[in-house]
Number of protein chains: 2
Amino acid sequence: MQAVLDAMVEPRRREILRLVRSAELTAGAIAAHFPDVARPTVSQHLRVLRDAGLVSERREGTRRFYRSRPEAFVPLVAFIEDFWDQKLAALKRVVEEEPS
Amino acid sequence: MQAVLDAMVEPRRREILRLVRSAELTAGAIAAHFPDVARPTVSQHLRVLRDAGLVSERREGTRRFYRSRPEAFVPLVAFIEDFWDQKLAALKRVVEEEPS
DNA sequence: GGCTTACGTAGGTGACAACTTACGAATGAA
DNA sequence: TTCATTCGTAAGTTGTCACCTACGTAAGCC
């Protein structure tokens, strides 16, 4: 989960995730969406995303296709859902112990 | 959402969130859970969490009580859920266009 | 074999963030 | 008012991360 958060905290990496969430794109196509950033930088972003499991890589000749792996979000969502549960439990305790 | 991620990416800040998710704690009580970190550092972490809306602050005399605000996770969860939806939609398209 | 295309890796730079010690502000008690 | 308690703020240091340019690798084409 640390790796997932490290990857997600960078705005450009989140933008990359949005690009490949419904379509498989090559590294070049992805880089083309960031004219203000050099291509090797995008390569590094893709590596971080891949190491975090947030995207998968498929090689075809010299090209590499990337697409999102939403499964990687599961631990993060579990972490957050824990908060909702605990909050509700705490609220319940308060209500029961202090009837208005 | 950027502020929420910036706050969450720090392991100690996530630990603080866990501490105050089911109980209201003072800054001192929270700092006591991190013997290897100076108290002002915890103060700074609390500020980041507060600015992100992840915790609320209540002052009582010289003490300040903190507790978690799970509502702050909503935009992040919405972002992630978008991926599940798009993934399902993409899968549906593939299935319909390429009947086994 | 040479050349092009597509992409990653290496190494160095600048900015930012987490940490520290020292100090300040505000409340409460003697 | 003086002192202690509780906590935040200020300022400086260090490590990490995003970025760049230069180079390396691997596949396809002439």
Side-chain angles (χ1 to χ4, degrees), chain A residues 1-20 23-69 72 76 79, chain B residues 1-20 23-69 72 76 79:
Chain A
M1 187 179 111
Q2 184 63 53
V4 171
L5 283 170
D6 283 335
M8 287 185 68
V9 79
E10 228 296 323
R12 272 182 255 269
R13 284 199 286 265
R14 288 202 301 279
E15 186 57 30
I16 291 176
L17 284 178
R18 281 191 210 95
L19 289 173
V20 297
E24 201 180 27
L25 294 178
T26 64
I30 293 166
H33 279 83
F34 301 94
D36 53 336
V37 170
R39 202 183 40 66
T41 301
V42 176
S43 257
Q44 290 170 338
H45 283 319
L46 287 170
R47 189 189 216 296
V48 173
L49 289 169
R50 200 179 101 78
D51 287 351
L54 282 165
V55 302
S56 63
E57 187 191 278
R58 181 173 66 86
R59 304 189 187 189
E60 190 173 302
T62 66
R63 289 177 301 178
R64 306 200 184 185
F65 290 86
Y66 293 90
R67 66 186 165 91
S68 78
R69 290 188 65 254
L76 179 56
F79 175 88
Chain B
M1 187 178 109
Q2 184 64 52
V4 171
L5 282 170
D6 283 336
M8 286 185 68
V9 80
E10 230 293 325
R12 273 181 255 269
R13 284 198 287 263
R14 288 202 302 280
E15 186 57 31
I16 291 176
L17 285 178
R18 281 190 211 95
L19 288 173
V20 298
E24 201 180 28
L25 294 178
T26 63
I30 294 167
H33 279 84
F34 301 94
D36 54 334
V37 170
R39 203 182 40 67
T41 302
V42 175
S43 257
Q44 288 169 342
H45 283 320
L46 286 170
R47 189 189 216 296
V48 172
L49 289 169
R50 200 179 102 78
D51 287 352
L54 282 165
V55 301
S56 63
E57 187 190 280
R58 182 172 66 85
R59 305 189 187 190
E60 188 174 303
T62 66
R63 290 177 301 178
R64 304 201 187 186
F65 290 86
Y66 294 90
R67 63 186 166 93
S68 77
R69 288 190 65 254
L76 179 56
F79 175 88

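Residue numbers begin at 1 in each chain, while the letters A, B, ... track the order of the sequences. Please read these numbers as outputs of a predicted model, since none were measured by experiment.
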Within the structure shown, what part of the strands sits under 4.0 Å from [X] by heavy-atom distance: base, sugar-phosphate, or nothing?
X     : answer
B:Q44 : base
A:D36 : sugar-phosphate
B:Y66 : sugar-phosphate
B:A38 : base

Closer to the 5' end of DNA chain C via nearest nucleotide, is it B:P40 or A:T41? A:T41

Check the distance between [N]'s [atom2] and [X]'s [atom1] and give it to me in whole angstrom.
X     : N      : atom1 : atom2 : value
A:L25 : C:dA6  : CG    : P     : 15 Å
A:I30 : C:dG8  : CD1   : C1'   : 14 Å
A:E10 : C:dC16 : CD    : C1'   : 12 Å
A:F65 : C:dG8  : CZ    : C1'   : 17 Å
A:F34 : D:dA18 : CZ    : P     : 13 Å
B:R14 : C:dA18 : CZ    : C1'   : 15 Å
A:M8  : D:dA18 : CE    : C1'   : 18 Å

Can a side chain N or O of B:T26 be found less than 4.0 Å away from OP1 or OP2 on D:dT6?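 It does not, given that no N or O in the side chain of B:T26 lies less than 4.0 Å from OP1 or OP2 of D:dT6.
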
State whether B:S43 places a side-chain N or O below 4.0 Å from either non-bridging phosphate oxygen (OP1 or OP2) of D:dC7.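 No, no such contact exists.
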
Within the distance-only criterion (no hydrogens, no angle test), does the side chain of A:R63 pair as donor or acceptor with the backbone N or O of A:G28 below 3.5 angstrom? no

Given 3.5 Å as the limit, does a donor-acceptor pair link the side chain of B:R69 with the main chain of B:G53, or not?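 Yes.
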
Is atom CZ of B:R58 surrounded by more than 12 heavy atoms (other residues, nucleotides or ligands) closer than 6.0 Å? yes

If you count the non-hydrogen atoms of other residues, nucleotides and ligands that lie under 6.0 Å from CZ in B:R14, is the total more than 12?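 Yes, the 6.0 Å shell around CZ holds more than 12 heavy atoms from other groups.
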
Counting side-chain heavy atoms from CB outward, which of C:dT9, D:dG8, C:dC19 is closest to B:R39?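 Taking heavy atoms from C-beta onward, the closest nucleotide is D:dG8.
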
So which of residues 45-63 of chain A are in contact with DNA chain C, with a heavy-atom cut-off of under 4.0 Å?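 Residues of residues 45-63 of chain A under 4.0 Å from DNA chain C: A:R47, A:T62, A:R63.
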
A:E15 vs A:R12, salt bridge (Lys or Arg N to Asp or Glu O under 4.0 Å): CA-CA, chis, key distance, verdict: CA-CA 5 Å; A:E15 186 57 30; A:R12 272 182 255 269; over 6 Å; no

When rounded to the nearest 0.5 angstrom, what is the spacing between OH in A:Y66 and CG in A:L19? 13.5 Å

In Å, rounded to the nearest 0.5 Å, how long is the span from CG of A:L46 to CD1 of A:I30?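 Those atoms lie 5.0 Å apart.
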
